[in-house]
Structure formats: C-alpha cells, structure tokens
Amino acid sequence: MSRIPFNKPYLTGKETHYIYQAVQSAKISGDGIYTKKCHAFFETKYGFKKALLTTSCTDALEMAAILSNIQPGDEVIAPSYTFVSTVNAFILRGAKIVFADSRADNPNIDETKIEELITPKTKVILVVHYAGIACDMDYIMAIAKKHKLLLIEDAAQAIDSFYKGKPLGSLGAMGAFSFHETKNVISGEGGMLVINDPQYIGRAEIIREKGTNRSAFFRGEIDKYGWVDMGSSFLPSDIIAAFLFSQLENLDDIQKKRKHIWNRYNDSLKVLAEKKHVQLPFIPEYATNNAHMYYMVCNSVEERTGLITHLKSKDMHAVFHYISLHDSQFYKNKHDGRSLPNCDRYSECLVRLPLYYELTDEQVDSVTAEIKSYYKI
Ligand SMILES: *Cc1c(COP(=O)(O)O)cnc(C)c1O
C-alpha cells in the first residue's frame, strides 16, 4: 500500500461485534434486526418517507428504473460526467440516455441545459450530486414539474448533505445512496433506495423481494404471499446491515473528521486557485459540503498527469475520475454528437486527493506541500 493511499476504509469499532450479534440471532437473510435499525436510523434522522437497504447503489438505481416504468425508447436526461451505474440501470430497461453538460464551476449537471433536451419521449430527469454537493434543485424541480417528468437523485456520494436545509435524496421522487467502501459510510458493498413519493412505496417493496408481496406478509397485512409483479433480489443480508449500523452510529464523528481534512486541504490550496493554477471545489450558497471528496481541476491533461506522477513518486496516491459517458466505448456511437465541453474538461483535468478518516494533519500537509512544490509555489 502507498504511504498515503487514495482511500482507506475506516472501521468504527463495533462492526464485527454487530455482525456476531446478527449471526447469533440466526436471522441473517434480508430485513433482519440490523436492516430494520438502519431503516429507522435514516427515516428518523433525515425524515425520509421510506428507506430500503439494497445490495448496492447500482441496485437501488435499477429499482428506481423499474419503478419509473421506463419503456424501450423512452428518454432519460442525465449528466455525462458520472459513474456508469447512474444510467446503466435505465439502459437495462431500454432507455435512451440524453446526456447534458456539467456546470463550469462544478461538475454537477448544468441545470440551464436541461429544458432544451426535453422531447415528447422524455420520462425522467436524473441528477447526480457530485462530491455530495447539491445540484440546483429548485430550478430542476420546476422543470420536472412543468413537463411532468419524474425526478430521480443519484445521491451515491451525498449522505448527510443538504439543499436549502433539506437532505439530498429527499427532493426527487426517489434517491439512491451507496455504502461502497469508497463512500463516507460503508458496508463494503451496499446501498439504499429512498422513496419520497408515497405512490411508489408498495411497489418498491415488491420489486425488492423478487416480485412478491412478502414484506406485507411479514407485517401481517396479508395472510399469504405470492408473485405479484416483476422484481429481483435487491435486499442485502443482515450481516451487511450489521456492519453498516456501526458506521451509522458514528456518522457524526466520521463527518466531522472528513470535513476537518477537507477544510485543511482547501485552506492550504487556496493559493493555487488565486494564482490560476487550478480550479477548486465550488459550493453554491444553497448547498452544504459533506466532505465526500476533495478535488482540483488542473489547467490541462498534461498538468494533471504530471501532478499525479509527481505525487506517485512521493508515494502519495491521487487519482482522476470519470471518463464522460457520452465519450465511452459503449455509448459513443449512441450519443447524438453534441459536444459537452465542461464534461470533457473534468474528464481530462479533474484530480482527487487522498481523503479518509485516518488521514492525519501531517499527511494532509505533506500532500499539499508536494502539490505546491509541483507548481513551484
Ligand atoms: C459510487 C457511485 C455509484 C455506485 O454505487 P455502488 O454502491 O458501488 O453500486 C453510483 N453513482 C455514483 C455517482 C457513485 O459515486
């Protein structure tokens, strides 16, 4: 492992104890004690109408795609600068993805570019809160309402982050979260679908349970269960939930530490932005920072490659991020050819710095010192 890796999963201490408890309870399939504790945590802390743990955010998005009733040929408007899972879920249902450009000041979808992409076939607007920083939701919600489109949030990176005081993931009809080991709170692999529009709750439970009404059966609402809809197995083992619950109990501590690291980077690197060497994260007034990621945008791909190589020579691991999906091997030929210049710029120039709970102040300082030495400051 590098002296300073890019990421290091943080164990809060009780993970294996809770897993042991889950195993002892002899109910280790889905929706056991710890899954219920996690659901209650999210519904209480953030006021989500319905929280459903899934095996990944990818799976949560696949549930959202089924719930949105996408038919082959329907169009989904989404950012191009994102992870494949954001749109892959809709591809699986035969959707056409209409990619929008990012903002110039941060990688979120440029809300002013959405409306011109709407056609009679558009069904869904899919937003991603990049680095846990909110998109301009009032603007986007107004477009969705005006054109009667479903709004779905990929909130994979956005736990404990807010838009005008409202938790991300609670603003669209549904929101999808990730607990992959690279996110703020983790369970190895893991995710959650949050349902805000109550009309989808019943069907979401069915889709998550292989198309059966087993959830209602377990609550005693019906006296037998059977096959009532399409579905799959989207619920995680209670062993996963046990791990996650330990993380959730420590959420405030994790967030405090990550924000401390983020601010230390930002204070130290401000001078690079002042000298126009890089663009630093922009957090609009309506958004909070959940310190999911610290990134910089270099002035060229050559400068970024040079910086990453320089840090690597000091055993510090900085990484680039997405290759815009409109330019991917899989979608290039299906994209309508519009150029998305901001997405291209982030693909070529954005670099993410190490950020994990156990990163010390001294380590942050050594990374920023090497970055400044690269830029000869
Ligand atoms: C991490 C991530 C995902 C996928 O999450 P998994 O839990 O690994 O499936 C989806 N979208 C975005 C924006 C992500 O950052």
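- When every heavy atom of Thr182 is checked against every heavy atom of Asn7, the shortest pair comes out as CA-ND2, 3.6 Å.
- Between Leu359 and Ile4, the shortest heavy-atom contact is CD1-CG2, 3.8 Å.
- Taking the six-membered ring for Trp and the full ring otherwise, Phe48 and Phe177 have centroids separated by under 6.0 Å.
- Note that OH of Tyr163 and CG of Asp138 are 3.0 Å apart. Values are rounded to the nearest 0.5 Å.
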Phe41 vs Leu244, test: side-chain contact (heavy atoms from CB on, under 4.5 Å). Steps then yes/no. CA-CA 11 Å; Phe41 176 91; Leu244 180 64; over 6 Å; no
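- The closest side-chain heavy-atom distance from Met316 to Ser366 is below 4.5 Å.
- A centroid separation of less than 6.0 Å is found between the aromatic rings of His321 and Tyr130.
- Within the 4.5 Å cutoff, side-chain heavy atoms of Asp101 are placed close to those of Pro341.
- With contacts defined as side-chain heavy-atom distances shorter than 4.5 Å, the pair Ile207/Leu67 qualifies.
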Determine whether Met63 and Met174 satisfy the following criterion, side-chain contact (heavy atoms from CB on, under 4.5 Å), listing intermediate values before the conclusion. CA-CA 10 Å; Met63 284 182 67; Met174 300 162 222; over 6 Å; no
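- Between the side chain of Asn108 and the main chain of Asp136, no donor-acceptor pair closer than 3.5 Å is present.
- Side-chain atoms of Leu355 and Trp262, non-hydrogen and from C-beta on, do get closer than 4.5 Å to each other.
- Of the inter-residue distances, the one linking Ile159 atom CD1 with His129 atom NE2 reads 13.0 Å to the nearest 0.5 angstrom.
- A salt bridge between Glu116 and Arg338 is absent, with no side-chain N of the basic residue lying under 4.0 Å from a carboxylate O of the acidic one.
- Across every non-hydrogen atom of Ser187 and Ile240, the tightest pair is OG-CG2, 3.6 Å.
- Taking a 6.0 Å sphere around CD of Gln329, one finds it holds 12 or fewer heavy atoms contributed by other residues, nucleotides or ligands.
- No donor-acceptor contact under 3.5 angstrom links the side chains of Glu62 and Ser232, judged on distance only.
- Residues His277 and Glu303 have side chains that never bring a donor and an acceptor to within less than 3.5 angstrom of each other.
- Remark: the backbone N or O of Lys276 is paired with a side-chain donor or acceptor of Asn299 at under 3.5 angstrom.
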Test side-chain contact (heavy atoms from CB on, under 4.5 Å) on Leu269 and Tyr294; report intermediate values, then the result. CA-CA 11 Å; Leu269 296 173; Tyr294 197 85; 3.7 Å; yes
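- Counting only heavy atoms from C-beta outward, the side chains of Lys210 and Leu235 approach each other to under 4.5 Å.
- The main-chain N or O of Arg264 is never found under 3.5 Å from a side-chain atom of Ser268 such that the two would form a donor-acceptor pair.
- Distance check, rounded to the nearest 0.5 Å: CG of Asp31 to CZ of Phe218 gives 8.5 Å.
- Ion pairing of Asp267 with Lys270 is present here, as a side-chain N (NZ or NE/NH1/NH2) and a carboxylate O approach within less than 4.0 Å.
- Within a 6.0 Å sphere centred on NZ of Lys334, other residues, nucleotides and ligands contribute more than 12 heavy atoms.
- In this structure, Phe245 and Tyr18 have tilted ring planes: the angle between them lies in the 30° to 60° band.
- At a threshold of 4.5 Å between non-hydrogen side-chain atoms, the residues Glu189 and Thr55 do not count as touching.
- For the 3.5 Å distance criterion, the side chains of Asp238 and Thr35 qualify, holding a donor opposite an acceptor.
- Within the 4.5 Å cutoff, the side chain of His317 has no heavy atoms near those of the Leu311 side chain.
- Between atom CD of residue Glu43 and atom SG of residue Cys38 there is a gap of 11.0 Å, rounded to the nearest 0.5 Å.
- Contact of the Val278 side chain with the Tyr375 side chain is registered, since non-hydrogen atoms from C-beta on lie closer than 4.5 Å.
- Between Ile70 and Ala95, the shortest heavy-atom contact is CG2-CB, 3.7 Å.
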Could you walk me through whether Lys183 and His292 pass side-chain contact (heavy atoms from CB on, under 4.5 Å), step by step? CA-CA 7 Å; Lys183 305 301 202 268; His292 171 60; 3.6 Å; yes
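- In this structure, Ile66 CD1 and Asp229 CG are separated by 8.5 Å, a value rounded to the nearest 0.5 Å.
- With hydrogens and angles ignored, the 3.5 Å screen pairs a side-chain donor or acceptor of Asn342 with a backbone N or O of Ser102.
- Under a 3.5 Å cut-off, the side chain of Gln71 and the backbone N or O of Asn69 do form a donor-acceptor pair.
- Asp160 and Tyr46 form a side-chain donor-acceptor contact under 3.5 Å, judged by distance and modelled atom types alone.
- Crowding of Leu280 atom CG: a count of heavy atoms from other residues, nucleotides or ligands under 6.0 Å exceeding 12.
- With rounding to the nearest 0.5 angstrom, the CE atom of Met293 is 10.0 Å from the CG atom of Asn184.
- The number of heavy-atom neighbours closer than 6.0 Å to NZ of Lys123, taken from other residues, nucleotides and ligands shown, is above 12.
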Please report, to 0.1 Å, the donor-acceptor pairs under 3.5 Å made by any side chain of residues 343-351, with sequence neighbours excluded.
{"unit_1": "Asp344", "atom_1": "OD1", "unit_2": "His326", "atom_2": "NE2", "d": "3.4"}
{"unit_1": "Arg345", "atom_1": "NH1", "unit_2": "Gln279", "atom_2": "OE1", "d": "2.8"}
{"unit_1": "Arg345", "atom_1": "NH2", "unit_2": "Ala104", "atom_2": "O", "d": "2.9"}
{"unit_1": "Tyr346", "atom_1": "OH", "unit_2": "Arg103", "atom_2": "O", "d": "2.9"}
{"unit_1": "Tyr346", "atom_1": "OH", "unit_2": "Ala104", "atom_2": "O", "d": "2.8"}
{"unit_1": "Tyr346", "atom_1": "OH", "unit_2": "Asn106", "atom_2": "N", "d": "3.3"}
{"unit_1": "Tyr346", "atom_1": "OH", "unit_2": "Asn106", "atom_2": "O", "d": "3.4"}
{"unit_1": "Ser347", "atom_1": "OG", "unit_2": "Tyr322", "atom_2": "O", "d": "3.3"}
{"unit_1": "Ser347", "atom_1": "OG", "unit_2": "Ser324", "atom_2": "N", "d": "2.9"}
{"unit_1": "Ser347", "atom_1": "OG", "unit_2": "Ser324", "atom_2": "OG", "d": "2.8"}
{"unit_1": "Ser347", "atom_1": "OG", "unit_2": "Cys343", "atom_2": "O", "d": "3.2"}

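- Minimum interatomic distance between Glu153 and Leu171 (heavy atoms only, all atoms of both residues): OE2-N, 2.7 Å.
- Residues Phe217 and Asp223 come closest through the heavy atom pair CE1-O, 3.4 Å.
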